[in-house]
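Atoms within a ligand are numbered from 1 in the order they appear, just like the ligands themselves. No experiment lies behind these values; they were computed from the predicted model shown.
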Amino acid sequence: MARLKKIGKWLGITVAVLLVVAGCFYGWASWKSGAMFEEAYAAHEVDFPIPFALTDEEIEALREERRAEAPEPEPPAVEASGEVPAEAPVPQAEPEPEVDPLEGVDLDALALERAQARGRHLVEARYACIECHGDDFSGGVMVDDPAIGTLLGPNLTGGNGSRVSEWTAAQWDQAVRHGILPGGRASAMPAEDYQRMSDQELSDIIVYIRSFPAVDNQTAPPSFGPLGTVLFALGEIPLSAGKVDHEAAHPELPPEVANTVEFGEHLAGVCTGCHRATFEGGPVPGGPPDWLPASNITPHEDGLAGWEYDDFVVAMREMKRPDGSALGAPMTLMERYTAKMTDTELRALWTYIQSVEPRPTGT
Ligand code: HEC
Ligand code: HEC
């Protein structure tokens with residue numbers, strides 16, 4: 001009996017010590033995960049126009065278009081009889097001073113219209129901002145899970161509850177490509193996914209976002225459940241601000257839209273978050289446990305060796321493999337975007353992923 005009591009006592013002490021240790025650890029984790037958002041970061045300060053003006057080539061093309069549309073000069077009048085009077089001298093028309101066919105055309109309005117159309121395609125087919133910021137940009141959900149926590153995409157419309165209405169190009173750059181809020185505080189915005197975005201693309205996206213009506217909506221700041229607290233504290237879900245190079249220059253313009261490895265590589269930036277930087281796939285870094293591992297999409301025999309371009313198109317537009325089997329989540333989250341990619345975009349993406357080094361699937 002005494003022996004049992006003794007064991008019971010030690011057991012009790014052990015449990016108490018473990019609880020204290022766990023409590024301390026959890027206390028540390030809560031502090032640490034909160035502190036990660038308090039840490040201040042500095043990044044370079046960029047500037048770019050919103051919107052980008054028309055280029056000289058665009059203006060020249062427009063001028064040519066207008067010239068071609070302008071009515072032909074009247075041919076010399078022919079008498080009803082069909083005879084040209086021999087004597088009557090044809091009055092020599094004064095050569096008209098060349099009128100610029102672009103006179104009266106509002107080039108600024110046209111630049112805005114084009115930027116908005118480009119921004120719309122970027123958001124709808126490629127950069128997926130609406131996945132977390134809501135279809136009308138008034139706010140949305142990135143993660144809402146009792147164990148992990150709640151990370152909401154803030155309202156970007158400029159209405160009440162939105163911070164961005166007066167933001168400069170530099171502030172947008174810091175939020176979107178660096179994961180930093182004004183003042184230097186780290187944000188949960190997944191900025192590492194947007195490292196290849198050029199200034200012009202970001203400018204176009206801002207123009208598109210600003211074309212939406214202002215909505216009043218205040219989203220809650222990030223909060224963590226028990227698992228999220230521990231994962232954040234242990235650095236298992238690192239914030240972008242701690243990962244990206246804050247001094248690296250961003251390209252001013254995206255590569256030319258063409259079936260090239262260069263343009264394909266630019267497009268493939270959004271695939272790397274799940275398929276990894278070298279496309280060998282494997283469990284999605286930081287993904288929830290119910291997500292399937294990402295497929296190997298290198299030309300390796302574990303990957304897309306044996307696929308034709310048409311198989312790739314069906315995968316991207318209909319979420320099916322060549323054997324007819326359906327792709328699962330989270331690839332299916334991509335369907336609403338990849339289905340809107342143009343033929344040239346899909347061709348370039350295919351050209352690029354066919355050119356990467358074949359690798360066995362990641363673990
Ligand atoms: C996977 C989800 C996700 C995607 C995709 C995403 N964002 Fe975010 N974004 C967030 C979250 C979450 C925050 C807020 C983080 C915080 O409060 O710490 C945020 C913050 C921002 C902010 C700062 C706004 C503010 O008030 O703090 C801007 C601007 C922004 N995102 C723009 C964009 C743009 C533009 C895109 C597309 C190119 C985009 N986001 C794509 C999740 C996302
Ligand atoms: C949110 C994560 C995520 C993103 C982003 C993503 N994928 Fe996937 N992808 C997956 C997952 C997971 C699978 C495996 C689905 C399955 O097994 O059913 C997959 C499967 C595929 C397949 C099918 C290959 C096969 O045989 O299983 C192709 C092709 C593919 N992805 C291409 C792309 C391309 C190209 C991009 C970028 C435009 C992209 N994915 C972006 C997660 C993602």
What residue and heavy atom of the protein are closest to [atom], and at what distance?
atom                    : answer
atom 5 (C) of ligand 1  : Y194 OH, 3.4 Å
atom 16 (C) of ligand 2 : R321 NH2, 3.3 Å
atom 14 (C) of ligand 2 : S295 OG, 3.2 Å
atom 18 (O) of ligand 1 : A188 N, 2.9 Å
atom 25 (C) of ligand 1 : R163 NE, 3.3 Å
atom 28 (C) of ligand 1 : L156 CD2, 3.7 Å
atom 13 (C) of ligand 1 : P154 CD, 3.3 Å
atom 38 (C) of ligand 2 : C271 SG, 2.7 Å

Centroid-centroid distance, W307 to F312, less than 6.0 Å: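 Here the rings of F312 and W307 have centres that are no less than 6.0 Å from each other.
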
Indicate, with yes or no, if the rings of F279 and Y352 have centres closer together than 6.0 Å.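 Judged by ring-centre distance (under 6.0 Å), F279 and Y352 do meet the cut-off.
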
Whether the side chain of [X] engages the backbone of [Y] through a donor-acceptor N/O pair (distance < 3.5 Å, no angle test) should be reported.
X    : Y    : result
R317 : K340 : no
T150 : S223 : no
E131 : A128 : no
N155 : V215 : yes
T272 : A277 : no
R177 : M197 : yes

Shortest non-hydrogen contact between Y208 and Q116, atoms and distance: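 Where Y208 meets Q116 most closely, the heavy atoms are CD1-O, 3.9 Å.
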
Who gets closest to [atom] by heavy atom: [options]?
atom                    : options                : value
atom 33 (C) of ligand 2 : M319, E345, M331, M341 : M331
atom 7 (N) of ligand 2  : E131, H275, M334       : H275
atom 3 (C) of ligand 2  : C274, P293, A326       : C274

Any donor-acceptor pair under 3.5 Å linking the side-chain atoms of [Y] with those of [X]?
X    : Y    : answer
E335 : T332 : no
S138 : N217 : no
H266 : E345 : no

Ligand-residue contact atoms, ligand 1 with [X], heavy atoms, under 4.0 Å:
X    : value
M197 : 38 (C)
A128 : 5 (C)
W172 : 29 (C)
L152 : 11 (C), 12 (C), 13 (C), 14 (C)
V176 : 32 (C), 35 (C)
P222 : 16 (C), 17 (O), 18 (O)
M142 : 1 (C), 2 (C), 12 (C), 42 (C)
W167 : 23 (C), 24 (C), 29 (C)

Check the angle between the aromatic planes of [X] and [Y] and answer parallel, tilted or perpendicular using the 30° and 60° thresholds.
X    : Y    : answer
Y309 : W350 : tilted
H246 : Y41  : tilted
F37  : F232 : tilted

N/O/S from C132 sitting under 2.8 Å away from atom 8 (Fe) of ligand 1: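 Within the cut-off used here (under 2.8 Å), C132 places no N, O or S atom near atom 8 (Fe) of ligand 1.
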
Is [X] close to ligand 2, meaning an N/O of one under 3.5 Å from an N/O of the other?
X    : value
G328 : yes
W307 : no
T338 : no

For [X] and ligand 2, answer yes if some heavy atom of the residue is under 4.0 Å from a ligand atom, otherwise no.
X    : result
L327 : yes
A294 : yes
M316 : yes

Would you give the angle at atom 8 (Fe) of ligand 1 between H133 atom NE2 and M189 atom SD, to the nearest 10°?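 Taking atom 8 (Fe) of ligand 1 as the apex, I get 180° for this pair.
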
May I ask you to identify, for I297, whether its side chain, its backbone, both or neither come under 4.0 Å of ligand 2 on a heavy-atom basis?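 I297 to ligand 2: side-chain contact only, backbone stays beyond 4.0 Å.
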
Examine the proximity of ligand 1 to L181 and report which part, side chain or backbone, both or neither, has a heavy atom under 4.0 Å away.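 It is the side chain that gets close, since no backbone atom is under 4.0 Å.
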
Geometric N/O contact C129 with ligand 1, under 3.5 angstrom: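 No, C129 has no N/O under 3.5 Å of an N/O on ligand 1.
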
I297: which of H275, E280, Q354 passes side chain to side chain contact (heavy atoms under 4.5 Å, CB included):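 When H275, E280, Q354 are each tested with I297, the side chain to side chain contact (heavy atoms under 4.5 Å, CB included) holds only for H275.
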
Which atoms of ligand 2 are found less than 4.0 Å from any heavy atom of V270?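 Answer, ordered by atom number: 5 (C).
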
Check ion pair D100-R67 (N to O, under 4.0 angstrom):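 Between R67 and D100 there is no salt bridge, as every charged N stays at least 4.0 Å from the carboxylate O atoms.
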
